[in-house]
K.L.:
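Provided herewith is a single structure, encoded as structure tokens, for subsequent inquiry.
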Amino acid sequence: MFRILLVGVLLLIGSFGLFEWELLDGESEAKARTAAVNMFVFGELFYLFNCRSLTHSMFSLDCSPIAGFWSGSAAW
């Protein structure tokens with residue numbers, strides 16, 4: 001439960017921080033929203049790769065034998 005809450009808070013902080021950064025940089029609100037949503041989507045995709053094992057790093061696992069994993073990631 002702690003891990004889910006931690007990831008949710010990190011995604012919220014990252015997305016909101018990027019949104020504010022884009023606005024402070026003089027970009028339009030639409031572009032800032034797009035950047036925030038993209039941050040959230042790619043953060044969740046990173047979390048998907050990381051959730052394959054609770055004891056090993058995502059970089060130490062072999063991803064090649066899981067065809068559904070790659071097709072699902074590409075479709076997302």
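Everything numeric here is computed off the predicted structure, so don't read it as measured data.
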K.L.:
For M39, what are the other residues in its hydrophobic cluster, where any two members join if their side-chain heavy atoms are less than 4.5 angstrom apart?
P.N.:
L18, W21
K.L.:
Can you give the donor-acceptor pairs under 3.5 Å from side chains of residues 5-13 to other protein atoms, not counting sequence neighbours?
P.N.:
none

K.L.:
Which residue pairs pass the salt bridge (charged side-chain N to carboxylate O under 4.0 Å, His left out) test when at least one of the two sits in residues 30-42, sequence neighbours left out?
P.N.:
E27-K31, E29-R33
K.L.:
Measuring from atom CZ of F40 to atom CG of L45, what distance do you get when rounded to the nearest 0.5 angstrom?
P.N.:
12.5 Å
K.L.:
Going by salt bridge (charged side-chain N to carboxylate O under 4.0 Å, His left out), name the residues that satisfy it together with E20, two or more places apart in sequence or in a different chain.
P.N.:
none
